[in-house]
*Asks:* 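To start, I am sharing the structure in question, which I have written as structure tokens.
Keep in mind the model is a prediction, meaning the values are calculated, not measured. Convention: sequence-line order gives letters A, B, ...; per-chain numbering from 1.
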Number of protein chains: 2
Amino acid sequence: MVKPVSKDDHKTEEKILEAAKDEFMKFGLYGARMQSIADTAGINKALLHYYYRSKENLFDKVFEGALKRYFDQMDVLEDEALSFKKRIFLYIDHLIDFLEEYPHVSLFIIKEVSVSPEMFKEKMYSTRKSRGKKLYILLEEEKVKKTIANIDTQMFIINMQSMCYYPFIASPLYKTIFNLSAKDWKDISNVKLKKAVKNFVERTLNI
Amino acid sequence: MVKPVSKDDHKTEEKILEAAKDEFMKFGLYGARMQSIADTAGINKALLHYYYRSKENLFDKVFEGALKRYFDQMDVLEDEALSFKKRIFLYIDHLIDFLEEYPHVSLFIIKEVSVSPEMFKEKMYSTRKSRGKKLYILLEEEKVKKTIANIDTQMFIINMQSMCYYPFIASPLYKTIFNLSAKDWKDISNVKLKKAVKNFVERTLNI
DNA sequence: ATTCAATTTAACCATTTGGTTAACTACAAA
DNA sequence: TTTGTAGTTAACCAAATGGTTAAATTGAAT
């Protein structure tokens, strides 16, 4: 006797969110198709509207989740037990591993921010508050301020993040231009990139 | 007597292309609306199909133009009269000025490449050929190879380009996070960024 | 077994959107 | 003046798409 498939293990609501995540990440709010989400989730289109009122609302839910994960990898920056150098090096490792897993997330968030910066601001603050985290701790900590006193902190953050994020955004371009296999690219975008960013940070901060 | 407006100064075809450029850059192939393009160009929607067969075709034309401009700023890399350092510094200046003017172009190209890498490859090579340019001259020149012998050339290019391109892609994010006025951001993304990238190049290449 | 609410579906609907058609206009050549 | 061609338009059309509805199904509580 086969055990009857007593409902799904994962509730429909979850499946929808998962399918929506893929679709929205790849195609954005405009490009995403409700039918495609329903198909991926293996359910009827009307169910989308049953669980999530509208396309915009579903998108919001996906966006919130992405934003949460986006900030999650910053936790290590607050681990007081580690030295500044270790913290920032771990942050780089986590960030690049994270981007390998979710290469679309940064662009997804950027696009959303450019559409409605106010909404993003709200969501950003509420996410920070609810998890008790400081976002740009690098800018705020006294001992760090001392360490990097003679460099432009904002520019430093922008440079470091650029080096981490951009390769994943532009990976189709680089794969094409450099004629790279998936394996080659993985080596570049993980091993080599981590080394390069750490090197940059080391030299810039003199640590 | 008012001189009769003997046809438009700019032909309709041009106006369409200009309007299409704006629309496609901002919203991509999916998000762009033919009606919106027609409105911006101040003409009837049917004219779009009269001059450019279909949406895809119009998009292609815009894309080709963007690709051309995208490669244009690399000309300076081939000026044999300049030292390597001057060439690469000028390239940085040109690139960042260019990005200030067309902040959407890099993302636009990346998105298009990810949809159809083969098409991009073709267009890339034909653009290079028709203008007799080498794209990644940095990788090919003997004396440069010598200069940067002990660093990973691909990684270097990726790092440098990341530092240049990403801030413009992520500008909505940074403006929001750092609470910057348009003026503040311009200073960061032009003056300070140029300095930072040059600094990075100088230290990395030991020049 | 009945009830009742939560879940799911097929069939629609209204709007948007890319694209077409047939007619009209301007203007240069014959 | 007539004719022919390029340019332009309003009015449509078919498909796609987000969204709605009313009916069916399920499953737990009574």
*Asks:* Would you mind telling me which of D:dT20, C:dA6, C:dG18 lies closest to the side-chain atoms of B:His49?
*Replies:* C:dG18
*Asks:* OP1 or OP2 of C:dT8 sitting under 4.0 Å from any side-chain N/O of A:Thr12?
*Replies:* yes
*Asks:* In whole angstroms, how far is the P atom of C:dG19 from the OH atom of B:Tyr52?
*Replies:* 15 Å
*Asks:* Between A:Lys45 and A:Tyr51, who's closer to the 5' end of DNA chain C by nearest nucleotide?
*Replies:* A:Tyr51
*Asks:* Could you tell me which residues satisfy side chain to side chain contact (heavy atoms under 4.5 Å, CB included) with A:Ser171, sequence neighbours excluded, listed by chain and number?
*Replies:* A:Lys175, A:Trp185
*Asks:* Could you check whether any side-chain heavy atom of A:Lys192 comes within less than 4.5 Å of a side-chain heavy atom of B:Ile158, counting everything from C-beta outward?
*Replies:* no
*Asks:* Can you tell which of D:dG19, C:dG19, D:dT9 lies closest to the side chain of B:Glu56?
*Replies:* C:dG19
*Asks:* Rounded to whole Å, how long is the line connecting atom CD of B:Glu13 with atom C1' of D:dG7?
*Replies:* 12 Å
*Asks:* Output the rounded distance in Å from CG (B:Leu47) to P (D:dA10).
*Replies:* 10 Å
*Asks:* For residues B:Leu58 and B:Ile16, determine if any side-chain heavy atom of one lies less than 4.5 Å from a side-chain heavy atom of the other.
*Replies:* yes
*Asks:* Please report, rounded to the nearest Å, how far the P atom of D:dG18 is from the CG atom of A:Asn57.
*Replies:* 15 Å
*Asks:* So do A:Arg203 and A:Asn199 actually touch side chain to side chain, heavy atoms under 4.5 Å?
*Replies:* yes
*Asks:* Indicate the atoms forming the closest heavy-atom contact of B:Ile188 with A:Met155, along with that distance.
*Replies:* O-SD, 4.0 Å
*Asks:* I need the CD1-C1' distance between B:Ile16 and D:dG7, as an integer number of Å.
*Replies:* 11 Å
*Asks:* To the side chain of A:Lys55, which of D:dT9, D:dG18, C:dT8 is closest?
*Replies:* D:dG18
*Asks:* Does anything in residues 17-43 of chain A come within less than 4.0 Å of DNA chain D? Heavy atoms only, and list the residues if so.
*Replies:* A:Ala32, A:Arg33, A:Met34
*Asks:* Could you tell me how far apart A:Leu58 (CG) and D:dT17 (C1') are, to the nearest whole angstrom?
*Replies:* 15 Å
*Asks:* Can you tell me which residue pairs pass the ring-ring contact (aromatic ring centres under 6.0 Å, His included) test with a partner in residues 31-60 of chain B, sequence neighbours excluded?
*Replies:* B:Phe24-B:Phe59, B:Phe59-B:Phe108
*Asks:* If you measure from SG on B:Cys164 to CZ on B:Phe98, what distance do you get to the nearest 0.5 Å?
*Replies:* 12.0 Å
*Asks:* Quick one: B:Tyr50 OH to C:dA23 C1', roughly how many Å, whole number?
*Replies:* 15 Å
*Asks:* Reading DNA chain D from 5' onward, which residue's closest nucleotide shows up sooner: B:Asn44 or A:Ser54?
*Replies:* B:Asn44
